[in-house]
Undergrad: 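Take a look at this one; I'll ask things after.
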Amino acid sequence: MSYPDLHLVIGGERIAGGGRRTSAVVNPATGEPIADLPIADPADLDRALDTAARGFRSWRESTPQQRAAVLNGAARLLRERADDLARVATLEQGKTLAEAKVEVAMNAALFEFYAGEAFRLYGRTLVRPAGQRSTVSHEPVGPVAAFAPWNFPLGNPGRKLGAPIAAGCSVILKAAEETPASALGVLQCLLDAGLPPDVAQAVFGVPDEVSRHLLASPVIRKLSFTGSTTVGRHLARLAAEDMKRTTMELGGHGPVLVFDDADIDRALDTMAASKYRNAGQVCVSPTRFIVHEAVFARFRDGFAERAGRIVVGDGLDPATGMGPMANPRRPEAMERLIADATARGARLCTGGERIGNRGYFYRPTVLADVPLDAAVMNEEPFGPIALINPYRDEEAMIAEANRLPYGLAAYAWTQDAQRQRRVSRAIESGMVGINTTMIGGADSPFGGVKWSGHGAEDGPEGVAACLVTKAVHEG
């Protein structure tokens with residue numbers, strides 16, 4: 001299939017270029033433009049806001065059966081269109097086709113779970129004397145402004161759309177301008193499954209212009225944002241001006257504790273594959289490997305060997321194990337971070353360089369013995385860099401895991417059951433994986449603590465984040 005035509009979706013109308021401002025969409029495997037994306041102007045955004053207000057008034061009165069029918073229907077269409085959706089995601093973001101297909105499956109499972117949740121928005125009746133009645137109910141919060149990043153071009157828009165729709169809210173989606181067709185494909189599945197066109201819309205534009213315009217409007221009652229901590233803080237301040245509810249899924253710097261009793265080969269096979277998934281452009285990517293000194297050399301060398309075997313290439317090639325980075329900013333950031341770390345004494349075990357002179361390919365990288373004052377030990381690299389350092393005991397390892405203000409995902413490898421419980425309790429993180437990287441699921445909350453944000457997506461908590469609580473007392 002060819003790359004689809006791009007447009008805004010406002011009030012059920014597809015709005016193409018036609019003389020308005022545009023932004024180029026680039027294939028990261030080649031560095032060449034593949035399409036022009038129309039940019040919303042203030043009038044477009046005002047129209048989207050008016051439509052969202054109207055859509056909320058009707059959709060909040062929809063039945064659970066109606067919401068479930070739309071979500072289940074969209075899940076079915078996602079699976080039917082999986083090959084085309086995945087190819088589009090690979091073309092505009094770079095990840096392997098296999099990884100893009102996982103995103104489609106994730107969305108379908110999430111929509112089906114949310115379809116069930118539409119029937120479980122329970123309230124309660126309080127115990128009161130005869131003649132009195134007090135009830136607690138949960139109602140949709142209102143129109144949602146949802147901002148999705150480029151690293152999961154299908155999965156992130158699915159998360160942003162599914163929860164508000166299940167809760168009875170309308171939503172204005174601003175997905176990343178780098179990956180618009182993927183987001184539009186997910187939205188189209190919902191619309192084709194019967195979602196009223198005034199319930200969900202898609203706009204694109206200069207991020208700060210769009211966010212300021214939408215969040216300044218009293219129509220918007222909730223902000224859902226996935227992205228960096230820096231941008232999240234800025235948006236939280238804008239939302240606070242009107243006391244809008246927020247769900248913030250922000251940056252991470254995933255610690256991985258590897259103890260001396262771990263199954264080292266299994267840990268290496270699992271964590272190396274996870275580290276270089278999506279070229280490391282994953283908020284829950286394992287990054288700081290905190291390794292007991294007794295197994296440090298074995299783990300370091302085994303990790304570097306596995307990183308060196310990864311085939312880097314076009315994500316559409318079935319032989320590719322890791323695709324390009326998503327945009328030219330990311331290889332530049334890798335070069336800066338690696339140069340700083342090695343200048344401070346870090347050991348470059350493998351990688352550390354670009355591949356070729358076309359596209360944004362970067363070699364899987366391992367740094368060892370990285371000083372704590374290196375920039376890469378303190379800011380999220382968001383790329384294919386693994387940092388491996390030795391530590392003397394459990395106390396020192398936990399201290400390093402909690403040293404940074406981030407707390408999204410953490411991992412630990414140990415076969416000691418008591419240590420598993422101690423570590424899972426001691427680590428300051430919204431999600432912890434013990435001897436696994438499987439820390440998400442349609443029925444499980446996804447979110448962080450500290451600088452990694454607040455609130456959760458997925459699970460019952462994802463729908464609850466789009467609801468407000470009301471108590472009614474009758475005398």
Undergrad: What I want to find out is whether Glu241 reaches Lys244 closely enough, with some N-O distance under 4.0 Å, to be called a salt bridge.
TA: no

Undergrad: Rounded at 0.5 Å granularity, tell me how far CZ in Arg363 sits from CD1 in Ile385.
TA: 14.0 Å

Undergrad: Checking Asn72 against Phe111 for the side-chain contact (heavy atoms from CB on, under 4.5 Å) test, could you report, in this order, the C-alpha distance in whole Å, the side-chain angles of both residues, the deciding distance, and whether it holds?
TA: CA-CA 6 Å; Asn72 282 322; Phe111 283 2; over 6 Å; no

Undergrad: For Ile310 and Gly321, which heavy atoms make the closest approach, and how far apart are they?
TA: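 Heavy atoms only, the tightest pair is CG2-C, 4.1 Å.
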
Undergrad: Hey, is the main chain of Ala148 close enough, under 3.5 Å, to the side chain of Asn156 for a donor-acceptor pair?
TA: no

Undergrad: Just verifying a value: how many Å separate Ile439 CD1 and Ser274 OG, rounded to the nearest 0.5 Å?
TA: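 Answer rounded to 0.5 Å: 8.0 Å.
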
Undergrad: Check whether any side-chain N or O of Asp340 sits under 3.5 Å from a backbone N or O of Ala375 as a donor-acceptor pair, and report yes or no.
TA: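 Judged by distance alone, yes, a pair lies under 3.5 Å.
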
Undergrad: In terms of side-chain geometry, is the basic nitrogen of Arg87 or Asp83 positioned less than 4.0 Å from the acidic oxygen of its partner?
TA: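 A salt bridge is absent here (no side-chain N lies under 4.0 Å from a carboxylate O).
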
Undergrad: Decide salt bridge (Lys or Arg N to Asp or Glu O under 4.0 Å) for Lys450 and Glu428; before the verdict, give the C-alpha distance in whole Å, the side-chain angles of both, and the deciding distance to 0.1 Å.
TA: CA-CA 8 Å; Lys450 302 193 291 187; Glu428 298 167 351; 2.8 Å; yes

Undergrad: What are the two closest non-hydrogen atoms of Val144 and Cys169, and how far apart are they?
TA: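 That would be CG2-CB, 4.1 Å.
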
Undergrad: Below 4.0 angstrom, N of the basic side chain to O of the carboxylate: do Arg79 and Glu112 qualify?
TA: yes

Undergrad: Decide whether a cation-pi geometry holds between Arg266 and Trp413; the criteria are a distance under 6.0 Å from NZ or CZ to the six-membered ring centre and an angle within 45° of the ring axis.
TA: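 Negative - Arg266 is either too far from the ring of Trp413 or too far off its axis.
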
Undergrad: How close do Val376 and Ala341 get, counting heavy atoms only, and between which atoms?
TA: CG1-CB, 4.1 Å

Undergrad: Regarding Asp192 and Arg76, does a basic nitrogen lie under 4.0 Å from an acidic carboxylate oxygen?
TA: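 Salt bridge between Asp192 and Arg76, a charged N being under 4.0 Å from a carboxylate O: no.
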
Undergrad: Only one of Ile172, Thr226, Leu223 clears side-chain contact (heavy atoms from CB on, under 4.5 Å) with Phe147; which?
TA: Leu223

Undergrad: Thr247 vs Lys222, test: side chain to side chain donor-acceptor pair (under 3.5 Å). Steps then yes/no.
TA: CA-CA 8 Å; Thr247 296; Lys222 174 183 168 61; 2.5 Å; yes

Undergrad: Decide side-chain contact (heavy atoms from CB on, under 4.5 Å) for Leu367 and Leu348; before the verdict, give the C-alpha distance in whole Å, the side-chain angles of both, and the deciding distance to 0.1 Å.
TA: CA-CA 5 Å; Leu367 293 171; Leu348 179 61; 3.7 Å; yes

Undergrad: Salt bridge or not for Glu103 and Arg159, using N-O below 4.0 Å?
TA: no

Undergrad: Would you check if the distance from the ring center of Trp150 to the ring center of Phe382 is below 6.0 Å?
TA: yes

Undergrad: Looking at Leu6 and Ala181, what are the two nearest heavy atoms and their distance?
TA: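 Closest pair (atom of Leu6, atom of Ala181, distance): CD2-CB, 3.7 Å.
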
Undergrad: For the OH atom of Tyr411 and the OG atom of Ser429, what is their distance to the nearest 0.5 Å?
TA: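 OG of Ser429 is found 8.5 Å from OH of Tyr411.
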
Undergrad: Do Glu400 and Met397 come close enough that some side-chain heavy atom pair is under 4.5 Å?
TA: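 Result no, sub-4.5 Å side-chain heavy-atom pair not found.
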
Undergrad: Would Ser285 and Lys275 satisfy side chain to side chain donor-acceptor pair (under 3.5 Å), going step by step from the backbone distance to the final call?
TA: CA-CA 6 Å; Ser285 181; Lys275 170 68 260 183; 3.0 Å; yes

Undergrad: With no hydrogens and no angle check, is any side-chain donor or acceptor of Thr320 less than 3.5 Å from a backbone partner on Asp314?
TA: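 Confirmed, Thr320 side chain pairs with Asp314 backbone.
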
Undergrad: Does any part of the side chain of Glu249, heavy atoms only, come nearer than 4.5 Å to the side chain of Phe446, both counted from C-beta?
TA: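 Yes. Closest side-chain heavy atoms under 4.5 Å.
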
Undergrad: With a 3.5 Å distance limit and no angle check, can you tell me whether Tyr362 reaches the backbone of Ala279 through a side-chain donor-acceptor pair?
TA: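 Checking the backbone N and O of Ala279 against the side chain of Tyr362, no donor-acceptor pair under 3.5 Å is found.
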
Undergrad: Using a cut-off of 6.0 Å, state whether more than 12 heavy atoms not belonging to Asn357 lie near its atom CG.
TA: no

Undergrad: In plain terms, say whether Arg392 and Glu293 are close enough for a salt bridge, that is, a side-chain N and a carboxylate O under 4.0 Å apart.
TA: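 A salt bridge is absent here (no side-chain N lies under 4.0 Å from a carboxylate O).
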
Undergrad: Nearest heavy-atom pair of Ala100 and Thr90: which atoms, and what distance?
TA: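 Heavy atoms only, the tightest pair is CB-OG1, 3.9 Å.
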
Undergrad: For the side chain of Ser444 and the backbone of Gly440, is there at least one donor-acceptor N/O pair under 3.5 Å apart?
TA: no

Undergrad: Can you give each donor-acceptor pair under 3.5 Å made by side-chain atoms of residues 25-39, sequence neighbours left out, with the distance rounded to 0.1 Å?
TA:
unit_1, atom_1, unit_2, atom_2, d
Asn27, OD1, Ala29, N, 2.9
Thr30, OG1, Asn27, O, 3.4
Thr30, OG1, Glu32, N, 3.1

Undergrad: Would you compute the distance between atom CG of Leu372 and atom CZ of Arg403 and round it to the nearest 0.5 angstrom?
TA: 4.5 Å

Undergrad: Is it the case that the side chain of Thr436 and the backbone of Gly433 share a donor-acceptor pair, with hydrogens and angles ignored and the cut-off at 3.5 Å?
TA: no

Undergrad: Are the side chain of Asn389 and the backbone N or O of Asp369 linked by a donor-acceptor pair below 3.5 Å?
TA: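 Answer holds: yes.
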
Undergrad: Would you call Asp5 and Arg14 a salt bridge, taking side-chain N to carboxylate O under 4.0 Å as the test?
TA: no

Undergrad: Between the main-chain N or O of Leu408 and the side-chain N or O of Ser452, is there a donor-acceptor pair closer than 3.5 Å?
TA: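 Indeed, once roles are kept as given, a pair shorter than 3.5 Å links the two residues.
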
Undergrad: With Arg354, which residues qualify under side chain to side chain donor-acceptor pair (under 3.5 Å), at least two apart?
TA: Glu335

Undergrad: Return yes if some donor-acceptor pair links the side-chain N/O of Thr96 with the main-chain N/O of Gly323 below 3.5 Å, else return no.
TA: no

Undergrad: Of all heavy-atom pairs between Arg344 and Ala374, which one has the smallest distance, and what is that distance?
TA: CD-CA, 3.6 Å

Undergrad: Taking the side chain as every heavy atom from C-beta outward, state whether Glu394 and Phe259 have any pair of such atoms under 4.5 Å apart.
TA: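 Yes, at least one pair of side-chain atoms sits under 4.5 Å.
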
Undergrad: Please work out whether the ring planes of Phe299 and Phe289 are parallel, tilted or perpendicular, with thresholds of 30° and 60°.
TA: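 The arrangement is tilted - the two ring planes meet at 30° to 60°.
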
Undergrad: Rounded to the nearest 0.5 Å, what separates atom CG in Leu238 from atom CZ in Arg233?
TA: 14.5 Å

Undergrad: Is Glu332 salt-bridged to Arg329, going by a charged N under 4.0 Å from an acidic O?
TA: no

Undergrad: Once rounded to the nearest 0.5 Å, what's the spacing between atom CZ of Arg277 and atom CD of Glu99?
TA: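 CD of Glu99 is found 7.0 Å from CZ of Arg277.
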
Undergrad: Check this for me, if you would: do Asp41 and Arg21 make a salt bridge, where the nitrogen-to-carboxylate-oxygen distance has to be below 4.0 angstrom?
TA: no

Undergrad: Would you please test Val256 and Ile290 for side-chain contact (heavy atoms from CB on, under 4.5 Å) and show each step?
TA: CA-CA 6 Å; Val256 184; Ile290 302 166; over 6 Å; no

Undergrad: Within the distance-only criterion (no hydrogens, no angle test), does the side chain of Glu461 pair as donor or acceptor with the backbone N or O of Ala456 below 3.5 angstrom?
TA: no

Undergrad: Determine, stepwise, if the pair Asn151 / Asn278 fulfils side-chain contact (heavy atoms from CB on, under 4.5 Å).
TA: CA-CA 8 Å; Asn151 61 327; Asn278 200 18; 4.0 Å; yes

Undergrad: Run through Glu380, Glu379, Arg288 and flag the one making a side-chain hydrogen bond (donor to acceptor under 3.5 Å, both in side chains) with His253.
TA: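 That would be Arg288.
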
Undergrad: Salt bridge or not between Asp208 and Arg212? Use side-chain N to carboxylate O under 4.0 Å.
TA: yes

Undergrad: Go through Ser182 and Gln93 one step at a time and tell me if the side chain to side chain donor-acceptor pair (under 3.5 Å) criterion holds.
TA: CA-CA 9 Å; Ser182 298; Gln93 197 272 342; over 6 Å; no

Undergrad: Are Lys174 and Ser211 side-chain neighbours, meaning at least one heavy-atom pair lies under 4.5 Å?
TA: no

Undergrad: Answer with yes or no whether the side chains of Asp261 and His292 bring together a donor and an acceptor at under 3.5 Å.
TA: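 No pair is found: no donor N or O on one side chain lies under 3.5 Å from an acceptor on the other.
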
